[in-house]
Amino acid sequence: MAYDFKEIENKWVGKYDGFDGFHGKDFEDKEKKYVLVEFPYPSGEGLHVGHVFSMTGTDVYARFLRMKGKNVLFPMGYDAFGLPAENYAIKTGINPKITTKQVTERIRGQMRRLAFSFDWEREVNTTDPDYYKWTQWIFTKLFEKGLAVKEERAINWCPKDKIGLANEEVIDGKCERCGTETERRIMSQWVVKITAYAERLLAGLKDTNFIEKVKAAQINWIDKSMGAKIRFPIKGREEKIEVFTTRPDTLLGVTFMVIAPENKLVAGLMENSAIRNYVNETKKKSEMERTELLKEKTGVFSGLYAINPINGKEIPVWIADYVLATYGTGAIMAVPSHDERDGAFARKYAIEFDNEFVPDEKLMEEILDMGVGEEAVNYHLRDWIFSRQHYWGEPIPMVNCPNCGWVSVPEDQLPIKLPDVEKYLPTETGESPLANITEWVETDCPKCGGKAKRETDTMPNWAGSDWYFLRYCDPKNETVLADMEKMKYWMPVDVYVGGDEHNTLHLLYSRFIYQFLWDLGAVPKGIPEPYDKRLSHGVILGSDGNRMSKSVGNVIAPDAVGDVYGTDVLRTYMMFMGPFDSTMAWNERSLVGVRRFVERFYSFVNENKGNYSTTSIEGMRIIHKLAKGVGEDLGQFKFNTAIAKMMETINELNKNKTEVANAELSMMVRIIAPFAPFAAEEMWNSLGGEFSVHVQNWPEVDEKYLTSEKVTLSIQINGKLRGTVEAATDATEEEVRAAAEEQEKVQKYLSEGNIRKVIYVKGKTINFVVA
RNA sequence: GCCGGGGUGGUGAAAUGGUAGCCACGCGGGACUUAAAAUCCCGUUCCCUCUAAAGGAGUGCGGGUUCGAUUCCCGCUCCCGGCACCA
């Protein structure tokens with residue numbers, strides 16, 4: 001019976017629709033495992049190969065855990081708000097609701113065909129009002145706790161599209177939509193104070209088992225530095241300039257100060273034309289230009305002098321944009337002899353160096369004791385600009401009342417549904433298109449009942465994905481974001497699989513929101529962090545070794561590969577390509593090798609089934625070893641070596657023409673099942689097994705088949721391999737030594753000197769030290 | 001510059017202190033076939049060698065620890081990823 005994947009897939013694919021075996025069972029009295037893979041943005045292209053790769057690996061793992069008797073929660077959903085759908089709507093005039101529905105249906109079909117064992121009863125969609133009701137609710141809580149405030153902030157502005165852009169929408173200083181150079185503009189924006197949680201976000205990492213690189217990325221992004229704040233009096237003025245420094249001991253080497261052009265002091269100096277020109281020039285520059293690394297530093301003298309608090313020396317104060325308003329205090333004490341940047345600036349403007357002093361970090365306390373300042377901590381982490389002037393996002397549930405100011409929409413009035421609009425483009429003033437819908441904007445103040453206006457900004461793409469892992473625990477709850485008892489049962493996420501590109505922002509934002517909900521008492525007290533393990537999946541490159549992109553034309557469509565090779569081969573091939581977390585290039589030729597393997601496996605089972613009543617001892621040994629080895633590999637996401645072991649097994653069984661009885665064939669079928677679910681189901685069925693192989697137990701390993709009486713040991717002479725010897729597993733040194741010394745070659749080498757020492761490692765090696 | 005991860009055959013890779021290169025691709029040879037495809041079998045780190053036996057070299061480079069190092073330690077180098085005028 002030849003392997004006909006199309007027939008097999010068609011026969012079984014529908015059997016898993018609504019299949020109870022893949023449901024996570026709330027409160028079931030088994031060990032729970034919450035296995036999560038990042039949900040996709042549903043793009044018009046459907047799932048790409050990268051999705052298929054990460055989802056297959058996670059699916060294999062989830063299937064394995066189920067077979068190991070765990071109660072597995074393995075959910076899926078769609079992160080469906082976002083720019084591509086909005087841009088498509090701008091182009092075609094079609095409501096993104098419609099396109100999103102079409103695309104999610106297509107993706108669900110792809111996932112079904114790829115045999116992903118998701119719990120479809122828990123599917124979520126971030127654009128569903130029943131879902132974003134709670135995204136909005138979280139925002140109202142942030143506001144009520146003072147963690148969401150509306151502030152003037154500089155944002156990236158596209159003068160052509162007349163729209164504010166988030167940093168991620170600016171590519172190389174240009175607008176992602178039209179390619180126009182962006183400018184900076186000050187606009188009133190909702191800002192979420194994630195910096196208030198900087199220390200918590202650092203400290204919480206100890207409660208997680210993230211892989212090293214993920215932890216490092218988080219620590220790096222938050223970037224805590226310890227130092228001091230030091231105040232410098234200004235000559236002839238009341239104000240002082242406060243600076244943050246990590247090296248207060250360099251205070252003696254300070255020869256000038258620099259303040260950012262945005263510093264408060266600068267506003268009072270604008271009568272000076274040189275200063276005015278410089279500040280205006282700086283405003284025009286984008287963040288990108290200002291932080292250009294190799295750029296020559298520029299600045300202008302402010303006319304002010306500060307007093308070094310430690311030695312009373314007068315030092316000039318400069319204004320320069322290499323000092324960032326957004327970090328520290330927006331002012332620095334410059335130590336040209338000690339800091340490269342200060343040095344470059346001093347050389348350019350011929351400011352005096354002081355090379356005499358010797359800094360000494362141990363003096364920090366002593367210097368602070370002199371009353372010049374106090375210890376301080378600074379974080380690189382910046383607050384989170386939460387406003388977008390886009391249509392296709394969650395409306396920010398806030399009302400602006402002339403009497404009460406900003407008022408959050410009460411829970412019983414949520415969700416604030418996204419209204420339909422005629423035009424999806426932002427307005428002339430840069431407000432979101434929602435601003436055009438007067439009847440929507442005009443509302444009553446929830447507090448005083450007077451006339452008021454709705455916020456027309458929408459939330460960033462991150463908002464919906466910040467808490468989706470909670471909703472999966474209880475996706476249909478109408479009274480709270482998720483039932484506390486259900487969260488207690490399922491949380492934390494045991495394994496979270498995702499891309500490196502989400503190791504900073506998404507992971508940090510979602511940890512922050514979780515910690516905030518924790519403080520609110522909205523999530524279980526005993527669970528301080530949302531994710532236990534975080535793994536990153538690898539990247540699949542095109543066959544030319546470059547990132548897949550439409551313009552290069554190296555994109556692999558998973559559907560097309562599935563048409564030619566079938567789901568089972570596609571899945572198994574992807575898992576065989578290399579380690580799960582590495583970067584790998586697609587290789588059509590290697591795909592053939594995996595097809596050969598799957599066919600051989602399938603034929604082997606068919607040729608043996610029903611023909612033998614017992615399996616030889618050798619066969620038992622091979623198959624039990626396989627069950628053990630693959631089990632160990634799957635628990636560690638080592639899919640490539642698991643498949644290598646299966647290949648080895650089939651080769652060995654075929655070569656020895658081993659006769660295998662149905663009981664052991666059934667073991668083999670269960671072992672391959674997580675990788676090749678359709679073929680495994682067919683083989684299981686043909687062995688007389690009941691539907692479904694995927695809810696069977698992982699094969700029990702009988703250790704008695706794994707302990708062989710004989711092993712091959714290496715014979716080393718001075719550490720060099722000179723032969724091998726067969727011996728009983730528990731043979732004594734004397735026995736092995738005698739057997740080794742019988743060998744002619746060994747005798748030759750031993751005769752070259754005297755045996756000084758013999759090292760015998762049971763089951764591995766015997767090493768003669770000869771001199 | 002800082003942080004994280006790497007460097008092993010022609011290629012993807014395996015081995016985490018004990019026979020380096022499992023498994024797979026590719027390549028070479030053979031079987032089957034009128035022929036091709038498919039399939040199956042044998043070989044395939046490099047050097048020396050007609051071949052084989054035997055030997056030598058070999059996991060980025062240099063050192064160290066050890067009876068023994070791809071694996072542990074020190075120094076260097078190159079590549080990939082993240083962050084970066086962050087005071």
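Every chain is numbered from 1 and lettered A, B, ... according to where its sequence line falls, protein lines coming before strand lines. Note that the structure is predicted; figures quoted are calculated from it, not measured.
Among the heavy atoms of the strands, none lies under 4.0 Å from A/Lys645. Residue A/Arg722 is in sugar-phosphate contact alone, with no base atom involved, counting any heavy-atom pair closer than 4.0 Å across all strands shown. When heavy atoms are screened at a 4.0 angstrom cut-off, A/Thr246 is found touching the sugar-phosphate backbone but no base atom. Using a 4.0 Å heavy-atom distance criterion, A/Val769 is classed as a sugar-phosphate-only contact. Contacts of A/Lys720 with the nucleic acid, taken as non-hydrogen atoms under 4.0 Å apart, involve only primed sugar atoms and P, OP1 or OP2. Residue contacts for A/Asn220: at a heavy-atom cut-off of 4.0 Å it reaches a base atom on one of the strands shown. The residue A/Asp339 sits apart from the nucleic acid: no heavy atom pair falls under 4.0 Å. Note on A/Ser225: only backbone sugar-phosphate atoms sit closer than 4.0 angstrom, heavy atoms only; bases stay farther off. As judged by a 4.0 angstrom heavy-atom cut-off over every strand, A/Gln716 is placed among the base-contacting residues. Among the protein residues, A/Asn651 comes within range of the sugar-phosphate backbone only, with heavy atoms under 4.0 Å from sugar or phosphate atoms but none that close to a base. No engagement by A/Ala217 is indicated, since no non-hydrogen atom pair under 4.0 Å with the nucleic acid exists. Within 4.0 Å (heavy atoms only), A/Arg596 reaches sugar-phosphate atoms of the nucleic acid but no base atom.
Across the P atoms, B/C47 and B/C41 are found 28 Å apart, a figure rounded to whole Å. For B/C48 and B/G55, the C1' atoms lie 9 Å apart once the distance is rounded to whole Å. Between B/C42 and B/G5, the distance separating the two C1' atoms is 40 Å to the nearest Å. On the P atoms, B/G68 is 26 Å away from B/C76, given to the nearest whole Å. Of the C1' atoms belonging to B/C79 and B/G30, the separation is 42 Å, rounded to the nearest Å. Spacing of C1' atoms, B/U71 relative to B/G21, comes out at 15 Å, to the nearest Å. When the C1' atom is used for both B/A14 and B/U65, the distance is 26 Å, rounded to whole Å. The gap from the C1' atom of B/C78 to that of B/A87 amounts to 32 Å, rounded to the nearest Å.
Of all nucleotides present, none satisfies the Watson-Crick or G-U wobble test against B/G9 with each distance under 3.5 Å. Using N1 to N3 plus N6-O4 or O6-N4 for Watson-Crick, or N1-O2 and O6-N3 for G-U wobble, each under 3.5 Å, B/U39 pairs with B/A31. In this entry B/A57 has B/U45 as its Watson-Crick or G-U wobble partner, both defining distances falling under 3.5 Å. Nucleotide B/C2 forms a Watson-Crick or G-U wobble pair with B/G82, both donor-acceptor distances falling under 3.5 Å.
Atom-to-atom, OH of A/Tyr322 to C1' of B/A84 comes out at 16 Å; the value is rounded to the nearest Å. Atom CG of A/Asp500 is separated from atom P of B/G82 by 8 Å (rounded to the nearest Å). Look at NE2 on A/His502: it is 17 Å from P on B/G81, rounded to the nearest Å. Atom CG of A/Leu507 is separated from atom P of B/C83 by 14 Å (rounded to the nearest Å). One atom, CD of A/Glu752, and another, P of B/G55, lie 11 Å apart when rounded to the nearest Å. Atom pair A/Met226:CE and B/A87:P shows a separation of 13 Å (rounding to whole Å applied). As a whole-Å value, the separation of A/Arg600 CZ from B/U39 P is 8 Å. Regarding A/Lys215, its NZ atom lies at a distance of 13 Å from the P atom of B/G5, rounded to whole Å.
No hydrogens or angles considered: nothing links the side chains of A/Thr195 and A/Tyr379 as a donor-acceptor pair under 3.5 Å.
Considering A/Asp249, A/Thr245, A/Thr250 as possible partners of A/Arg247, the one that fulfils the side chain to side chain donor-acceptor pair (under 3.5 Å) test is A/Asp249. Remark: of the listed residues A/Val60, A/Val598, A/Val594, A/Val60 is the sole one forming a side-chain contact (heavy atoms from CB on, under 4.5 Å) with A/Arg571.
Classification of A/Glu199 and A/Lys224 as a salt-bridged pair holds, one side-chain N sitting under 4.0 Å from a carboxylate O. Note on A/Glu38 versus A/Arg534: salt bridge recorded, some NZ/NE/NH1/NH2 to OD/OE distance being below 4.0 Å. The pair A/Arg621-A/Glu618 counts as a salt bridge, with a side-chain nitrogen and a carboxylate oxygen less than 4.0 angstrom apart.
By the 4.5 Å heavy-atom criterion applied to side chains, A/Tyr749 and A/Lys720 are not counted as neighbours.
Distances shorter than 4.0 Å separate some side-chain N or O of A/Tyr749 from OP1 or OP2 on B/G55. The phosphate of B/A87 has neither OP1 nor OP2 within less than 4.0 Å of any side-chain N or O from A/Lys297.
The A/Thr245 side chain lies nearest to B/A87 when the options are B/G18, B/A87, B/U19. The nucleotide whose nearest atom lies closest to any side-chain atom of A/Asp321 is, among B/G55, B/C85, B/C40, B/C85. Listed candidates were B/A87, B/C83, B/C67. Nearest to the side chain of A/His380 is B/C83. When each of B/A20, B/C23, B/A87 is scored by its nearest atom to the side-chain atoms of A/Leu721, the top-ranked nucleotide is B/A20. If you check B/G68, B/U19, B/A24 against the side chain of A/Asn767, the one that comes closest is B/G68.
Taking the six-membered ring wherever Trp is involved, the centroid distance between the rings of A/Tyr565 and A/Tyr573 does not fall below 6.0 Å.
Other residues, nucleotides and ligands place no more than 12 heavy atoms under 6.0 Å from the CD atom of A/Glu744.
Residues A/Ser714 and A/Arg589 each lie close to RNA chain B; by heavy-atom proximity, the contact nearer the 5' end of the strand is made by A/Ser714. Place A/Arg595 and A/Lys655 on RNA chain B by their nearest nucleotides, and A/Arg595 ends up nearer the 5' end.
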Review point. Nucleotide by nucleotide, 5' to 3', does protein get under 4.0 Å of the base (B), only the sugar-phosphate (S), or neither (-) in nucleotides 9-16 of chain B, counting heavy atoms?
Key: ---BSSS-

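Because its glycosidic torsion is within 90° of 0, B/G9 is reported here as syn.
Relative ring orientation between A/His502 and A/His506 is described as perpendicular, the plane-to-plane angle rising above 60° on a 0-90° scale split at 30° and 60°.
Every pair passing ring-ring contact (aromatic ring centres under 6.0 Å, His included) that includes a residue from residues 623-648 of chain A is listed here, sequence neighbours excluded: A/Tyr61-A/Phe637, A/Phe580-A/Phe637, A/Phe580-A/Phe639, A/His624-A/Tyr705, A/Phe637-A/Phe639.
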